[in-house]
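See below for the structure under consideration.
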Amino acid sequence: MSDDDETFEAGGYTLHRRREFVWELPKQGDMRVPARVLASRDLLEAISDDRTIEQLRNTTHLPGVTDYAICMPDGHQGYGFPVGGVAAIDAESGCISPGAVGYDVNCGVRMLTTNLTYDDIEGREEELTNALFDAVPTGLGGGGVINGSRESIDAALEYGVEWALEEGWAVESDLTHCEDGGRRLDADPSAVSKRAKDRAMNQMGSLGSGNHFLEVQRVTDIFDADTAAAYGLSEEQVVVLIHCGSRGLGHQTCNDYLRRIEEEHDDLLAQLPDRELAAAPAGSDLAAEYYGAMCACINFAWVNRQLIMHRTREVFADVFDRSWREMEMELLYDVAHNIAKREVHETSAGETELFVHRKGATRAFPAGHPEVPAAYRDTGQPVIIPGSMGAGSYVLSGGEQSLSETFGSTAHGAGRLMSRTQAKDEFWGGDVQDDLRDQQKVYVKASSGATIAEEAPGVYKDIDEVVRISDALGIGDKVARTFPVCNIKG
DNA sequence: ATGTCC
């Protein structure tokens with residue numbers, strides 16, 4: 001092995017290879033802890049020319065950051081804190097940072113299984129795509145599956161999917177197959193501004209734009225037969241993947257608190273290398289308010305995905321002329337990609353209560369963890385990692401090493417290779433749509449052609465490579481792979 | 001991500 005094998009120059013920083021797929025930026029200067037990038041050399045190349053490493057380094061300045069900051073294999077630069085970043089911050093002596101959660105609070109994915117197989121939908125893709133597109137609101141701005149009211153929004157913010165169950169938009173098993181039972185108990189709707197709630201009014205049950213989508217998929221590969229069986233997955237099965245977040249409500253809430261934190265905690269801000277990392281000190285009123293507001297946004301995003309899933313069941317019932325129960329359209333699991341959560345972890349300082357910030361990262365608790373829903377306690381938490389429209393997605397299970405390596409986390413997607421602007425220069429939506437249909441039998445329909453260009457398969461990193469790293473490190477283990485059939489988006 | 005700046 002040459003010296004060249006031991007370090008990697010990325011974004012002006014020197015990373016040191018600790019072991020396979022683990023690269024470390026040693027603690028230096030004002031860094032409180034080292035930073036780690038979990039990646040292959042190919043994936044490191046992809047982040048070498050943007051601000052990912054610099055932003056990761058900046059996160060190690062946050063008070064209370066514990067052991068090391070982490071960048072997942074799909075990481076790329078984001079607002080202040082990398083997308084694909086994980087920072088575990090002491091919940092007593094540290095801080096909480098909206099930029100380390102993300103603008104789209106509880107952006108995430110849920111997978112719905114069915115007892116249909118690819119044969120059942122082959123030849124009917126356009127019909128199904130159109131029916132879904134007509135039924136599920138997409139794109140920027142207004143229109144939801146249901147009309148919101150002040151009362152319903154407050155109830156959704158406080159009770160999450162429990163509220164949806166009472167209203168008839170959910171069944172009991174939808175709650176037991178969701179993190180926190182679909183309700184984050186720490187939610188404080190009174191900490192969410194009127195303005196944020198107003199934006200939610202006509203967005204209850206809407207996909208939004210950007211990388212959000214609803215995709216009908218078929219299972220193409222099973223890697224772990226026992227776990228796949230426990231998850232109810234089999235080859236050629238049809239499943240549905242829903243990817244969206246908290247829409248304008250989460251965005252407004254993030255903005256509201258960033259501004260307030262900048263104003264009220266400028267002393268802490270002055271210690272940080274980037275304004276975008278603005279954080280409220282643990283124990284402050286504002287930290288408690290932000291946490292309560294963020295948890296309310298988490299509940300809203302779960303309700304959003306629930307309403308879309310409910311509508312999807314209705315569309316399938318209509319198109320296939322069978323009840324959704326006959327088609328066994330069960331929620332496999334719902335995973336959050338953008339959240340902070342109070343969790344207790346074993347750290348170098350012993351058992352510690354932390355705000356685990358996962359931004360573009362997925363919780364990946366292993367078998368036996370008490371916070372994994374009973375249905376999956378013996379197999380580990382399902383982890384759903386969407387890829388691109390041309391590459392498909394993965395289902396993993398939380399890995400044995402996740403608690404010791406990544407505060408119980410793994411990657412969340414393929415990760416962008418280029419900006420949206422660059423994507424629109426490289427691709428034209430109509431061509432992407434035609435190629436996907438003609439070459440891969442993938443049917444795409446979107447409110448905007450520009451969105452298809454921005455989300456072209458070529459703008460994403462290799463999802464296989466991202467998942468390979470997760471599996472090799474034992475933080476999230478491969479269970480199954482899916483491939484798109486129908487995709488609707490903003 | 002986002003009524004792509006209140």
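To find a chain, count down the sequence lines: A is the first, B the second, and so on, and within it residues start at 1.
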Donor-acceptor pairs are to be reported for all side-chain atoms of residues 280-291 of chain A against protein atoms at under 3.5 Å, with residues two or more places apart or in another chain.
unit_1   : atom_1 : unit_2   : atom_2 : d
A:Ser284 : OG     : A:Pro281 : O      : 2.7
A:Ser284 : OG     : A:Ala287 : N      : 3.1
A:Glu289 : OE1    : A:Arg260 : NH1    : 3.0
A:Glu289 : OE2    : A:Arg260 : NH2    : 3.2
A:Tyr291 : OH     : A:Arg184 : NH1    : 3.3
A:Tyr291 : OH     : A:Arg342 : N      : 3.0

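Nucleic acid contact for A:Ser246: none, since no nucleic acid atom lies under 4.0 Å from a heavy atom of the residue. Nucleic acid contact class of A:Gly245 (heavy atoms, under 4.0 Å, all strands): none. If you check every strand for non-hydrogen atoms under 4.0 Å, A:Arg416 touches nothing.
Rounded to whole Å, atom C1' of B:dT2 lies 13 Å from atom CG of A:Asp256. Between A:Arg259 atom CZ and B:dT2 atom P there is a gap of 18 Å when expressed in whole angstrom units. Rounded to an integer number of Å, the gap from A:His251 NE2 to B:dT4 P is 9 Å. Regarding A:Glu276, its CD atom lies at a distance of 15 Å from the C1' atom of B:dT2, rounded to whole Å. Rounded to whole Å, the distance from CG on A:Asn202 to P on B:dT2 is 13 Å. If you measure from atom CG of A:Leu140 to atom P of B:dC5, you get 12 Å, rounded to the nearest angstrom. In this structure, CD of A:Gln203 is placed 8 Å from P of B:dT2, rounded to the nearest angstrom. Rounded to whole angstrom, the span from the NZ atom of A:Lys489 across to the C1' atom of B:dT2 amounts to 17 Å.
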Candidate pair A:Arg481 and A:Thr220, rule side chain to side chain donor-acceptor pair (under 3.5 Å), full reasoning: CA-CA 6 Å; A:Arg481 193 184 206 289; A:Thr220 52; 4.9 Å; no
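Under the salt bridge (Lys or Arg N to Asp or Glu O under 4.0 Å) criterion, A:Glu371 pairs with A:Lys341, A:Arg363, not counting sequence neighbours.
Taking the six-membered ring for Trp and the full ring otherwise, the centers of A:His345 and A:Phe407 sit less than 6.0 Å from each other.
Between A:Ser209 and A:Asn255, the residue anchored nearer the 5' end of DNA chain B, judged by the nucleotide with its closest heavy atom, is A:Ser209.
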